[in-house]
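Some notes on the structure that comes next.
Computed over heavy atoms, backbone and side chain alike; hydrogens, waters and symmetry mates excluded. All residue numbers refer to positions in the sequence shown, counting from 1.
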Amino acid sequence: MNKTLKMKTLVCLALVGCGVQGTSPEAMISVDRPYTEMHRPQVHFSPQSQWLNDPNGLVFFDGEYHLFYQHNPDSNVWGPMHWGHAVSSDLVRWRHLPIALYPDILGTIFSGSAVVDWNNTTGFGKTEIPPMVAIFTHHNHLSRERGDINYQNQSLAYSLDNGRNWQKYDGNPVLDNPGIEDFRDPKVSWHEDFDQWTMVLAVKDHVNIYSSNDLKNWELQSEFGREIGAHGGVWECPDLFKLADDSGAEKWVMLVSINPGGPQGGSATQYFIGDFDGTTFIPDSDAHAWIDYGADNYAGVTFSDIPNEDGRRIFIGWMSNWQYANVVPTINWRNGMTIPRELSLVNSEKGGLLLKSRPVQELSNASKERLTFGVEDAMINLKQDYFSLDIRNIEGELSLSLVNDEEESVNIILRSDSIIVDRTQAGISTFSEVFAATHKAPLFSSKVEKLEVLVDACSIEVFVNDGETVMTELLFPSSPYNTLSVNGRFENGSIAYLHAIW
Ligand code: FRU
């Protein structure tokens, strides 16, 4: 970043901190942006500065998508958690807003969700103004340091002005810890079918399901998952939602993040498909699957209150892995989000019913120039290191390489039944012993009709057949990749160069 820009940014942030009169903090925060650093994502959300982990409180209200996130504003490593905040009207370009939730006497603010309380069940609203309610974990580190085990409890905060100002509920916490160390990450939804609020909560090695009429009083209904699914680590950040499959049948999907124990080591998100009757989730089978087979998609959850006329189930994950999130080689900021993805359920050729995820269609609005290439091997000099690649109807094996002037490269190899991302030579990797690795994922169809790869300054996201198989991987090349080679046979290929979103 150039010096003047940095100065301006600092001045701006300082003024915001002092609550300068006359100019709204919002306006000031969006003036100058430090978005020119090496490895800085150009089409993905990342914090203006300092540390970010899980997406929180994903909610749509009054024309805006709200993205809150785990944030340490004082350091580029994990620490006392706040909820950072940004809004977007199209899921692609984000506007930073001031921090929404600060730590208080009950603790720091861990992960959670947000909903619009349309019927004012909480009584927090006013006539004509439904409250936006955040349900989050208060993490009391002092109590933990004293040796207590009940230091995580669930609390509420609400906003009556489109998420700009937040009031903590004076009856917090609303769900007390029953004496268990890992008791966090409430994801709340209004379930019309049952006329109730449902909360799924991560409890060490399983999910508790609670219900409520007013978000303040919660009753435990059932537990899920002690005996099934992956159990290589602690369960975190669950989500439970209804989705129709491609035959129109309605199913329920339970997402559960786990750390460690993912398919590539460390963090990952598993899912289960089944039925939910308002109290109990019954999976169709004991088998679990992974929403993403790459190393870098964790703690992802879906938006609440997407209007019925839109009807999509939209997901955002944290694009990192606890194995190295604190030490990746960025300084001004650390970590970002995956591209927002639309989820769908399909009956696949080889994998039964699958949860697919593909980039939201709004991303195509960010494309500024499209270049098509032939039906066979191609070598392309790249104009910039953020673009989306699309290859159709692939015959047999295919390999893709992104290479830079340092001869660092990341390679993607498509075989008949698997896809491999090799980042062993992709660039800087000395920050972690496990980063430089080859990762493999299964394919669920015999034919690859579409391979989509979204490349940004420090990441690739690979979507096979609109997301039957997905791999999200971070990369830290010493200089931007500037050549793409494609080897294989296919019907057509194209690159869409994207507009930077900041
Ligand atoms: C997941 C997680 C959550 C917790 C938050 C703390 O990455 O560990 O379980 O609420 O991060 O920042």
- request: Using the six-membered ring of Phe303, assess whether NZ or CZ of Arg313 lies under 6.0 Å from its centre and within 45 degrees of the ring axis.
  value: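 That pair does not qualify as a cation-pi contact.
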message: Taking the six-membered ring of Phe463 as reference, does the cationic atom of Arg358 (NZ for Lys, CZ for Arg) lie under 6.0 Å from its centre and within 45° of its axis?
response: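 Relative to the ring axis of Phe463, which defines the angle, Arg358 lies outside at least one limit.
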Anything under 30° is parallel, anything over 60° is perpendicular, the rest tilted; go ahead and classify [X] against [Y].
| X | Y | result |
| --- | --- | --- |
| Phe110 | His139 | parallel |
| Trp290 | His288 | perpendicular |
| Phe272 | Phe224 | perpendicular |

salt_bridge([X], [Y]) N-O dist < 4.0 Å:
| X | Y | answer |
| --- | --- | --- |
| Asp182 | Arg184 | yes |
| Glu362 | Arg341 | no |
| Asp456 | Arg40 | no |
| Lys242 | Asp275 | no |

Donor-acceptor pair, side chain of [X] and main chain of [Y], under 3.5 angstrom:
| X | Y | value |
| --- | --- | --- |
| Asp292 | Thr472 | yes |
| Arg95 | Ser88 | no |
| Asn297 | Gly300 | no |

field: Working for side chain to side chain donor-acceptor pair (under 3.5 Å), residues Ser155 and His138
entry: CA-CA 6 Å; Ser155 290; His138 257 131; 2.6 Å; yes
- prompt: Hey, is NZ on Lys440 packed in by over 12 heavy atoms from elsewhere, all under 6.0 Å?
  reply: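 Not buried by this count: 12 neighbours or fewer within 6.0 Å.
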field: Atom CD of Glu145 with >12 non-hydrogen neighbours under 6.0 angstrom
entry: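 Atom CD in Glu145 is crowded, with more than 12 foreign heavy atoms closer than 6.0 Å.
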task: Carefully, step by step, assess Glu64 and Arg164 under the rule salt bridge (Lys or Arg N to Asp or Glu O under 4.0 Å).
output: CA-CA 12 Å; Glu64 290 180 323; Arg164 275 26 181 206; 2.8 Å; yes
Check: [Y] and [X] side chains under 4.5 Å, non-hydrogen atoms:
| X | Y | result |
| --- | --- | --- |
| Trp166 | Tyr102 | no |
| Phe124 | Lys216 | yes |
| Gln50 | His82 | no |
| Leu101 | Lys168 | yes |

- request: Before giving the answer on ring-ring contact (aromatic ring centres under 6.0 Å, His included), spell out for Phe45 and Trp318 the whole-Å C-alpha distance, their side-chain angles and the decisive distance to 0.1 Å.
  value: CA-CA 10 Å; Phe45 181 81; Trp318 174 41; over 10 Å; no
message: Run Asp305 and Trp118 through side chain to side chain donor-acceptor pair (under 3.5 Å) and show every step you take.
response: CA-CA 10 Å; Asp305 293 280; Trp118 293 105; 2.9 Å; yes
field: Full working for side chain to side chain donor-acceptor pair (under 3.5 Å) between Thr122 and Asp214
entry: CA-CA 5 Å; Thr122 49; Asp214 60 3; over 6 Å; no
- prompt: Given the rule in the side chain to side chain donor-acceptor pair (under 3.5 Å) test, do Thr198 and His191 qualify, once you have shown the distances and angles that lead to the verdict?
  reply: CA-CA 7 Å; Thr198 300; His191 288 152; 3.0 Å; yes
